[in-house]
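For ligands, and for the atoms within them, numbers begin at 1 and follow the listed sequence. Values below: every heavy atom of this structure, side chains too, minus hydrogens, waters and symmetry copies.
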Amino acid sequence: MIDYISPLPKAQDLPSFPRRLCVLGATGSIGESALAVAADHPGQFEITALAGARNVTRLAEQAARFRPRYLAVLDEGGAKELKGMLPAGYSPEILHGPGAYVTLAALPEAQVVLSAIVGAAGLPPTLAAAQSGKVIALANKESLVLAGHLIRRACRESGAVVLPVDSEHNALFQSLAGHSGDDVDHLILTASGGPFREWPAADLASATAAQALKHPNWSMGAKISIDSATLMNKGLEVIEACWLYGLPQERVKVLVHPQSIVHSLAAYRDGSLLAQMGQPDMRIAIAYCLCYPSRLPLKIAPLDLAALGTLTFREPRADDFPCLNLARQAVAESPGHCVALNAANEVAVEYFLKDRIGFTDIARAVSWALDRQQGLDDPDFMTIMEVDQATRSAVAAYLTGTT
Ligand code: NAD
Ligand code: MG
């Protein structure tokens with residue numbers, strides 16, 4: 001039984017074209033792909049707002065190209081620097097600080113908000129977009145992991161619509177469209193298995209950040225690349241699917257599919273499996289969300305199944321990559337555990353990227369944080385932020401040996 005997170009309006013009730021977009025995380029991998037889609041389809045979108053964090057040079061280039069009325073960066077210094085880089089005669093409003101992203105997400109002028117900030121920092125603007133009744137193209141899976149219950153409630157109150165950008169959830173969205181949710185038995189998320197898919201378990205402790213960043217099929221930001229290597233990305237995606245589709249985690253299965261062509265499958269009670277297939281290129285899912293329910297002709301090579309020849313599937317190595325089951329454990333326990341899981345993971349990934357801890361220490365830190373977390377069934381926003389902060393401090397102390 002599927003109980004989708006938000007209302008799904010009819011096509012005529014969705015914003016007409018050109019759609020006015022707010023792009024949060026514009027300078028990241030997803031943000032860049034979204035702007036590439038917009039650049040390739042003149043007349044379909046107006047860019048109302050662009051937000052980045054510290055890469056002010058890139059944001060200035062994007063702003064000069066798309067001329068949004070609003071820009072946001074992380075701090076005041078960045079805002080000043082950005083102002084100095086803009087072309088003469090173009091003077092947008094430049095906001096800064098975490099509150100700036102919330103302001104942009106709720107702008108009355110913006111109709112569609114692409115939520116593509118990485119990590120828990122994406123939650124406040126995503127929630128603001130949900131409270132403001134926006135169409136949300138959601139890449140920031142962490143916001144559902146932290147506060148799926150609050151986003152679900154906000155969408156139902158405001159009429160906001162969530163469209164999943166994450167390729168697996170986008171595939172499920174497409175595979176469920178037009179069918180009765182009552183006929184669905186379970187969902188199957190596919191996973192590439194990451195760069196260490198074939199590594200012997202004994203070698204994982206010595207895996208380096210540089211090795212983990214080399215994803216076999218997708219080009220992505222650093223944090224999600226490490227999450228893919230540990231299988232935490234698939235764990236976060238199980239939780240994301242639970243909140244999007246209203247299912248318990250036992251009904252969200254995972255299969256390793258090294259070719260990343262079948263992006264996920266919906267299993268119906270008559271034994272049918274419906275899947276969405278495509279090149280591993282995020283522009284497909286992004287464009288689907290930005291234009292929903294219509295589709296754009298994209299400049300992507302057609303999928304040549306004969307050239308691929310073989311598609312393979314197998315069970316994940318859950319014992320060697322414990323993060324997947326740690327995420328299952330967290331969502332089965334309580335929303336508070338999901339906050340702790342995410343915070344511990346973000347800290348551990350940051351340490352791993354700086355070569356301060358080993359690859360297998362990431363799962364160790366997350367497991368430690370889950371063991372000390374108390375159950376919280378319906379945490380409000382402030383409580384979520386408190387658990388997030390408390391877990392970050394505790395895990396940092398644990399990893400640096402001061403606990
Ligand atoms: P990225 O690291 O390439 O980009 C992150 C963006 O967020 C950048 O624009 C950065 O400036 C901004 N940012 C970082 N910290 C910030 C902060 N504290 N406040 C405001 N902005 C901040 O990441 P990405 O790979 O584009 O991923 C973005 C999100 O999309 C993540 O939640 C990820 O899980 C999800 N996602 C990404 C992919 C992918 O293919 N890259 C696929 C599915 C889902
Ligand atoms: Mg994904």
Side-chain angles (χ1 to χ4, degrees), residues 22-36 49-59 61-62 71-75 78-79 82 95-105 114-126 136-146 163-173 189-194 213 215 217-228 231-241 244 252 254 257 260 262-264 276 278-286 289 342 345-346 349-350 353 388 392:
C22 164
V23 181
L24 304 173
T27 54
S29 167
I30 292 287
E32 289 275 12
S33 296
L35 292 177
L50 289 176
R54 294 199 173 81
N55 189 349
V56 179
T57 309
R58 186 63 192 135
L59 190 64
E61 288 165 2
Q62 295 176 336
L71 295 172
V73 289
L74 209 47
D75 54 40
L82 179 62
L95 293 79
H96 63 85
Y101 306 112
V102 171
T103 304
L104 293 198
L114 175 64
S115 168
I117 289 174
V118 60
L123 172 60
T126 305
I136 306 169
L138 184 64
N140 177 259
K141 65 192 86 184
E142 294 90 345
S143 54
L144 283 182
V145 171
L146 263 65
L163 299 169
V165 168
D166 210 351
S167 58
E168 297 77 2
H169 306 73
N170 190 273
L172 292 171
F173 190 87
L189 299 175
T190 53
S192 70
L213 285 171
H215 194 278
N217 304 344
W218 299 93
S219 157
M220 309 181 287
K223 192 255 178 186
I224 183 174
S225 296
I226 304 303
D227 287 349
S228 298
L231 286 197
M232 179 56 94
N233 184 49
K234 216 45 56 178
L236 299 176
E237 289 184 358
V238 168
I239 303 175
E240 181 183 14
L244 280 172
V252 182
V254 172
H257 167 48
S260 297
V262 175
H263 295 308
S264 279
Q276 183 261 352
Q279 298 280 20
D281 187 320
M282 287 307 295
R283 285 176 298 166
I284 300 175
I286 293 168
C289 293
N342 181 72
N345 183 57
E346 286 193 26
V349 168
E350 198 184 310
L353 282 168
D388 177 73
R392 282 169 197 267

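With contacts defined as side-chain heavy-atom distances shorter than 4.5 Å, the pair V118/I224 does not qualify. Residues L95 and L71 are not in side-chain contact: their nearest non-hydrogen atoms beyond the backbone lie 4.5 Å or more apart. Side-chain contact between N170 and V165 is absent, with no heavy atoms from C-beta onward closer than 4.5 Å.
The two residues V238 and L189 come nearest to each other via the heavy atoms N-CD1, 3.7 Å.
Close N/O approach between S219 and ligand 1 is not found [any backbone or side-chain N/O within under 3.5 Å]. Below 3.5 Å of separation, one finds no N or O of S167 facing any N or O of ligand 1. Considering backbone and side-chain atoms alike, I30 places an N or O below 3.5 Å from some N or O of ligand 1.
Nearest protein neighbour of atom 29 (C) of ligand 1, counting heavy atoms only, is I117 O, 3.7 Å. Shortest contact from atom 28 (C) of ligand 1 to any protein heavy atom: A116 O, 3.4 Å. Looking at atom 34 (O) of ligand 1, its nearest protein heavy atom turns out to be K141 CE, 3.2 Å. Nearest non-hydrogen protein atom to atom 33 (C) of ligand 1 is I224 CD1, 3.9 Å. Atom 25 (O) of ligand 1 has as its closest protein heavy atom G221 N, 2.9 Å. Protein heavy atom closest to atom 4 (O) of ligand 1, with residue, atom name and distance, is G28 CA, 3.1 Å. For atom 17 (C) of ligand 1, the nearest protein heavy atom (residue, atom name, distance) is A121 CB, 3.8 Å. With hydrogens left out, the protein atom closest to atom 5 (C) of ligand 1 is V118 CG1, 3.7 Å, a heavy atom.
In summary, the side chains of S143 and N140 do present a donor paired with an acceptor at a separation below 3.5 Å, with no hydrogens or angles considered.
Between the side chain of E346 and the main chain of A120, a donor-acceptor pair closer than 3.5 Å is present. Using a distance-only test at 3.5 Å, with no hydrogens or angles considered, no donor-acceptor pair links the side chain of D166 to the main chain of H169. Between the H257 side chain and the H263 main chain, no donor and acceptor come within less than 3.5 Å of each other. Side-chain N or O atoms of Q276 include none that pairs as donor or acceptor with a backbone N or O of V262 at under 3.5 Å. Between the side chain of H96 and the backbone N or O of A72 there is no donor-acceptor pair closer than 3.5 Å. A donor-acceptor pair is defined here as one N or O able to donate and one able to accept, closer than 3.5 Å; no such pair exists between the side chain of Y101 and the backbone of G25. With hydrogens and angles disregarded, no donor-acceptor distance shorter than 3.5 Å links the side chain of K234 to the backbone of G193.
Residues satisfying the side chain to side chain contact (heavy atoms under 4.5 Å, CB included) criterion with L144, sequence neighbours excluded, are I5, L138, I151, E240, W243, L244.
Closest heavy-atom approach to atom 32 (O) of ligand 1 within the set R58, E32, E142: this belongs to E142. When the heavy-atom distances from atom 11 (O) of ligand 1 to G25, A53, A222 are ranked, the shortest goes to A53.
Each of S260, S192, S225 was checked for a side chain to side chain donor-acceptor pair (under 3.5 Å) with H215, and the lone residue meeting it is S192.
The residues K223 and E350 are annotated as not salt-bridged, no charged nitrogen and carboxylate oxygen being separated by less than 4.0 angstrom.
Close contacts between ligand 1 and N140 involve ligand atoms 32 (O) [criterion: under 4.0 Å to a heavy atom]. Each of the atoms 30 (O), 32 (O), 35 (C), 36 (N), 44 (C) of ligand 1 lies under 4.0 Å from some heavy atom of A139.
Look at G122 and you'll find every heavy atom at least 4.0 Å from all atoms of ligand 1. For the ligand labelled ligand 1, residue L74 lies inside the 4.0 Å heavy-atom shell.
For a distance threshold of 2.8 Å, the protein N, O or S atoms nearer than that to the Mg ion (ligand 2), listed by chain and number, are D166 OD1, E168 OE1, E237 OE2.
Under 4.0 Å from ligand 1, the heavy atoms of M282 that appear belong solely to its side chain.
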